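These notes are about the structure you will find just below.
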Amino acid sequence: MKKKICILGLGYIGLPTAAMFATHGHPITGVDVNPEVVQALNQGKIIIEEPYLDIMVQAAVTSGNLTASTEPTEADVFIIAVPTPMNQDKTANLTYVKEAAQSMLPYLRKGNIVVLESTSPPGTVEEVLVPILAESGLAIGEELLVAHSPERVLPGKILMELVQNNRIVGGINQQSCEAVRDLYRTFVKGEIFLTDATTAEMCKLMENTFRDVNIALANELAKICEEMNINAWEVIQLANKHPRVNLHQPGPGVGGHCLAIDPWFIIEKQPQLAQMITLGRNINDSMPKHVLKRTKEIIRNIDGKKKVVVLGVTYKPDIDDMRESPLLQFVSLLEQEEDIEVVVIDPHVKECPHLEKDIWKAFNNSHLVIVGVHHRAFAHLDFNQMKAVMKVPNILDTRNYWDEEELSQLGFHYYLLGKKNGE
Ligand code: SAJ
């Protein structure tokens, strides 16, 4: 049965979800507080970068099933997909969730369903959302069904993963679980597992914490290997030949709105007990400073001002998302160094500090090129030309992206995070 759905928050999750429901025949009102997003959407356009999303949104808007507004409207289902940013003290800022819930109060009717998709500290649905919704006067769990169904999609593969991934639905009661499961069945081909709301919240946080802690382990290995003259990348490759080992990749840090933030939502609830989680976060947060240390070592013998080119500032490859990007932090550390001139190249980014559009202008007279993000656009550069225009042909690869042997043969000094070579 077609349900009228109101989706609050048209960002990286809300918009694809809206387009997905709309192209499966549900009439959707997408709500966003940003008039720019609303205006663009009503013209069938989007202002974020995600493969195929533009095509799908255009199809949904053209079909008449997707419209946008700055205000909620009456509907059968309300899905909250607003950001849950982190406060200065690393606790969850639930302001947008609360505002979204409050904004829908006048429109709630008997028989409605409310789903929280935003990532939240365990207990948010029961302790924060439900009390607000209760102001509607509806009997919660009977006249108004409520559940948490966290998104799990990977930026860059959102549309495919929305459909294929298994999904968790954590309802405040069985009736809520089942209603929300039936709703997502519209397009979810993966399995849908039912549980309670707080367990679902913890699952979502632990999925990303698992990854964050494992990346911290890889980053710690990288630092250890640099001290011991071992190549961490080779260790990882060989160790992963073991059938039950899956070491992650080191890098300049962990970014994005998920891994860099979600573990803190567990720490917030149990700071004394969440020891490994806290340590993992701190190790990953230390990586920009570590890359700065390596940078300074590489250029320490060069006199005068050193031109350092950073390739990539998004939080991961081939997307435009710079949220919590460790590379942005790294760039701001570099700019505090008086003898360094920093230049940033990122074909996915329209605006950021020190951005240069022309890669050859950036390379010209530079003393060090740093691979920060392994965008596909950086895979096959003209390295001969690069060597010719650089003042000193130093490369620091934080992703093991380029070929050490090839570049060394071309005459570059090639340095790798996780391996201290040539020093
Ligand atoms: N990274 C490493 N080493 C690795 C893997 C990743 O340094 O071995 C870094 C990346 O460079 C990036 C960060 O980690 O800065 C996060 O990237 P990611 O691709 O691991 O994850 P996200 O944040 O884009 O998406 C994650 C996914 N979660 C998991 O894989 C457990 C996704 O499925 C979630 O939906 C998403 O978080 C979310 O919204 O929570």
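Just so we're clear, the structure is a prediction, and the values are computed from it rather than from any experiment. Atoms within each ligand, like the ligands themselves, are counted from 1 in listed order.
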Q: Mind telling me whether Y184 and F21 have parallel, tilted or perpendicular rings, with 30° and 60° as the class edges?
A: tilted

Q: Measure across V125 and L116 and return the closest heavy-atom pair with its distance rounded to 0.1 Å.
A: CG2-CD2, 3.8 Å

Q. So, do W402 and F383 have ring centers that fall under 6.0 Å from each other?
A. yes

Q.
Check this for me - ligand 1, Q249, N or O atoms closer than 3.5 angstrom, yes or no?
A. yes

Q. Does V153 approach ligand 1 within less than 4.0 angstrom via side chain, backbone, both or neither, non-hydrogen atoms only?
A. backbone

Q: Looking only at protein heavy atoms, identify the closest one to atom 36 (C) of ligand 1 and say how far it is in Å.
A: C258 SG, 3.3 Å

Q) Could you give the distance from CG (L41) to CD (E36), rounded to the nearest 0.5 Å? A) 12.5 Å

(Q) Please list, in number order, the atoms of ligand 1 under 4.0 Å from a heavy atom of L259. (A) 14 (O), 16 (C), 20 (O), 21 (O), 23 (O), 26 (C), 37 (O)

Q. With a 4.0 Å cut-off on heavy atoms, does R399 reach ligand 1?
A. yes

Q: Around atom 33 (O) of ligand 1, find the nearest protein heavy atom and jot down its residue, atom name and distance.
A: R152 O, 2.7 Å

Q: Just jot down the ligand 1 atoms closer than 4.0 angstrom to any heavy atom of P155, in number order.
A: 24 (O), 25 (O)

Q) What residue and heavy atom of the protein are closest to atom 9 (C) of ligand 1, and at what distance? A) I215 CD1, 4.1 Å

Q. Counting each atom of ligand 1 from 1 as listed, which ones have a heavy atom of E207 under 4.0 Å away?
A. 31 (C)

Q: Enumerate the atoms of ligand 1 whose separation from the nearest heavy atom of N208 is less than 4.0 angstrom.
A: 26 (C), 27 (C), 28 (N), 29 (C), 31 (C), 37 (O), 38 (C), 40 (O)

(Q) For atom 19 (O) of ligand 1, what is the closest protein heavy atom, and at what distance to 0.1 Å? (A) K316 NZ, 2.9 Å

Q) Partners of Q43 by side chain to side chain donor-acceptor pair (under 3.5 Å), sequence neighbours excluded? A) K45

Q.
I need the contact type for K204 against ligand 1. Using non-hydrogen atoms and a strict under-4.0 Å cut-off, is it side chain, backbone, both or neither?
A. side chain

Q: Salt-bridge test for E49 and K350: reply yes if a basic N is under 4.0 Å from a carboxylate O, no otherwise.
A: no

Q. Among protein heavy atoms, which sits nearest to atom 15 (O) of ligand 1, and what does the distance come to when rounded to 0.1 Å?
A. Y315 O, 2.7 Å

(Q) Heavy-atom contact check, 4.0 Å cutoff: does G255 meet ligand 1? (A) yes

Q: Please report which non-hydrogen protein atom sits nearest to atom 5 (C) of ligand 1, along with the residue it belongs to and the distance in Å to one decimal place.
A: R211 NH2, 3.4 Å

(Q) Once side chain to side chain donor-acceptor pair (under 3.5 Å) is applied, do any residues pair with D285, and if so which ones, sequence neighbours excluded? (A) R281

Q | Sole residue of H26, K2, K3 in side-chain hydrogen bond (donor to acceptor under 3.5 Å, both in side chains) with T186 | A | H26

Q: Specify the protein heavy atom at minimum distance from atom 25 (O) of ligand 1: its residue, its atom name, and the distance to 0.1 Å.
A: L154 CD1, 3.5 Å

Q.
Measuring from atom OG1 of T17 to atom CD of E117, what distance do you get when rounded to the nearest 0.5 angstrom?
A. 4.5 Å

Q. Could an N or O of ligand 1 be found under 3.5 Å from any N or O of E151, whether backbone or side chain?
A. yes

Q. Side chains of S325 and F330: closer than 4.5 Å at any heavy-atom pair?
A. no

